[in-house]
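These values consider heavy atoms only, across backbone and side chains, with no hydrogens, waters or symmetry-generated copies. Since we're looking at a predicted model, the values are computed, not measured.
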Amino acid sequence: MVQHHIEACSKVPNLKEILLIGFYQPNEALNSFLLKAQQEFKVAIRYLQEYSALGTGGGIYHFRDQILSGGPQAFFVMNADVCSEFPLVPMLDFHKQHGGSQSYVILGTTANRTQSLNYGCIVANRDTQEVLHYVEKPGTFVSDIINCGIYLFSPSIFQHIAEVFQQNQQELQLFSCISEENSSWQRMEVIRLEQDVFSTLAGRGKLYVYKTEGCWSQIKSAGSAIYASRLYLSQYGTTHPERLASTKEGGPTIRGNVYIHPTANVDPSAVLGPNVSIGMGVTVAAGVRIRESIILHGAVLQDHSCVLNTIVGWDSMVGRWARVEGTPSDPNPNDPYSKIDSETLFRDGKLTPSITILGCNVSIPAEVVILNSIVLPHKELSRSFKNQIIL
């Protein structure tokens, strides 16, 4: 997911550095990924770990000295859980035309009236694109322009975040003595850009929306990752056609958009696509059928297995003649402004039918069916399962 953000940033002129901010403990896999990304995209990348989850604004405020150390004129802030065309260069041009150093830009897109309630909603001046009103997940319809979670800020944004920090500080002092309350400092630093900053900046001539007609989706569940993968593969048709596989003599049959990592071993009798991504070192044996799926590195799909609407985790194995299938949760294809819904895991006490997910190091035996199920890592199954979470 994050590689697409990094690649988009690397195309911005005069970009100095990319900072990843998160609460997660960095591990060997992340460090290795960042090292490879630095070499591939020729840009400095660092990971900054929060001591606690500080919210969308608290994280950048906590690391403001790191962000401002190079004296940037502006900086992008992007949520990692979105899929987008990332129109960063047009946003930069738009920013220069709308106040520059004293203005801030939100990337917006159009949603239908019903689904807009699930996002931050933006009311903007049609002529100037100034944000007049901002409401995060309103109870009733406010606007069909929604926040995409991608922003362009000038350094002066920290003055406004500081006001929120000071307000949090004053409120906490009313209720508790800081010396006695160990978590008070942490609670002061939890700042939400959307509710705490954008809502107060709206209507003050400083906040603008840049509307995109390009593809965009949030990725709030593993199921939405397959839809996001489809959008990126579709983009590759225009931006990177060389990354897409095609049917060649002596190779597998390719239908639609398919990405195959150069190190993957795919049997010529396999049929792949549409919308399939095959990761590093994957083995796809004879007669395998894969559609609408992501196969992560090191996985093995044995002879004549069938994988549909599924994410197969790292180093997992699907046995001969096994069928692993999920149910897609795509947006309404008849509504151009429809977005993917963030389905709850359970509905009416039952597991909501969704894509099938195999965690890492999962082993599926031969001749079984796994349908609409989530299999946690390091499991060796012995029979078929349907609509279950296998712990």
Side-chain angles (χ1 to χ4, degrees), residues 1-9 17-38 43-69 72 75-84 86 106-107 118-120 136-137 147-153 157-158 160-162 164-169 171-172 176 178 181-198 217-225 228 296 311 313-314 342 344-345 357 359-360 374 376-377:
M1 286 165 59
V2 178
Q3 178 159 342
H4 296 285
H5 295 63
I6 293 173
E7 183 171 6
C9 287
E17 187 177 34
I18 296 173
L19 301 176
L20 272 66
I21 299 176
F23 176 49
Y24 299 104
Q25 184 75 28
N27 56 26
E28 189 178 333
L30 177 64
N31 293 334
S32 173
F33 164 73
L34 294 181
L35 187 62
K36 289 176 183 174
Q38 283 191 99
V43 61
I45 307 173
R46 287 189 291 147
Y47 179 72
L48 303 177
Q49 186 190 0
E50 300 169 327
Y51 65 90
S52 173
L54 298 176
T56 50
I60 63 171
Y61 186 68
H62 182 74
F63 290 112
R64 59 193 180 280
D65 291 342
Q66 301 271 10
I67 294 170
L68 298 175
S69 62
F75 60 95
F76 289 97
V77 173
M78 296 184 278
N79 289 317
D81 59 354
V82 297
C83 153
S84 175
F86 298 108
I106 301 174
L107 182 68
N118 300 323
Y119 300 88
E136 185 69 19
K137 297 185 176 76
N147 177 359
C148 292
I150 298 169
Y151 316 120
L152 177 55
F153 293 147
I157 190 69
F158 289 118
H160 301 286
I161 301 177
V164 176
F165 179 81
Q166 289 159 8
Q167 185 178 342
N168 288 351
Q169 188 178 32
E171 288 176 0
L172 278 166
S176 64
I178 287 179
E181 184 88 33
N182 292 331
S183 63
S184 291
W185 182 266
Q186 175 185 328
R187 281 168 32 214
M188 280 191 294
E189 284 210 292
V190 175
I191 298 169
R192 304 160 301 177
L193 278 175
E194 298 78 13
Q195 293 97 320
D196 300 331
V197 180
F198 294 162
S217 178
Q218 62 178 2
I219 309 175
K220 295 294 185 186
S221 65
S224 52
L296 295 172
I311 296 177
W314 305 278
S342 292
T344 54
L345 203 54
I357 305 163
C360 66
I374 298 172
L376 270 66

* Is there a donor in the side chain of Ser224 and an acceptor in the side chain of Gln218, or the other way round, less than 3.5 Å apart? ->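 No, no side-chain donor-acceptor contact under 3.5 Å.
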
* To do: Identify which one of Leu35, Leu20, Val2 satisfies the side chain to side chain contact (heavy atoms under 4.5 Å, CB included) criterion when paired with Ile45.
  =>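 Passing option: Leu20.
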
* **side chain to side chain contact (heavy atoms under 4.5 Å, CB included), paired with Tyr151, selected from Ile60, Asn79, Ile157** =>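 The option that passes is Asn79.
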
* To do: Step by step, work out the side chain to side chain contact (heavy atoms under 4.5 Å, CB included) result for Tyr61 and Val164.
  => CA-CA 10 Å; Tyr61 186 68; Val164 176; over 6 Å; no

Between [X] and [Y], is any pair of side-chain heavy atoms under 4.5 Å apart?
X	Y	result
Val43	Cys9	no
Leu296	Trp314	yes
Thr56	Val77	no
Leu19	Phe75	no
Pro26	Gln49	yes
Gln66	Arg46	yes
Gln3	Phe33	yes
Phe153	Leu193	yes

So how far is it from [X] [atom1] to [Y] [atom2], rounded to the nearest 0.5 Å?
X	Y	atom1	atom2	result
Lys220	Asp81	NZ	CG	3.5 Å
Leu30	Gln25	CG	CD	10.5 Å
Ile6	Lys36	CD1	NZ	13.0 Å
Ile374	Ile357	CD1	CD1	4.5 Å
Ser69	Arg64	OG	CZ	13.0 Å
Leu48	Ile67	CG	CD1	8.0 Å

* Taking all atoms of both residues into account, what is the closest heavy-atom pair of Phe86 and Ala8, and its distance? ->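 That would be CB-CB, 3.5 Å.
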
* Candidates Phe23, Phe158, Phe165, Tyr51 - the one meeting ring pair (Phe, Tyr, Trp, His ring centres under 6.0 Å) with His62 ->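 For His62, the ring pair (Phe, Tyr, Trp, His ring centres under 6.0 Å) test succeeds with only one of Phe23, Phe158, Phe165, Tyr51, which is Tyr51.
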
* Asked: Which is it for His5 and Val82 under the side chain to side chain contact (heavy atoms under 4.5 Å, CB included) test, yes or no, and what are the steps along the way?
  -> CA-CA 9 Å; His5 295 63; Val82 297; 3.9 Å; yes

* Examine distances only and state if a side-chain atom of Ser217 and a backbone atom of Ala228 form a donor-acceptor pair shorter than 3.5 Å. =>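 Here the side-chain-to-backbone pair does not exist.
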
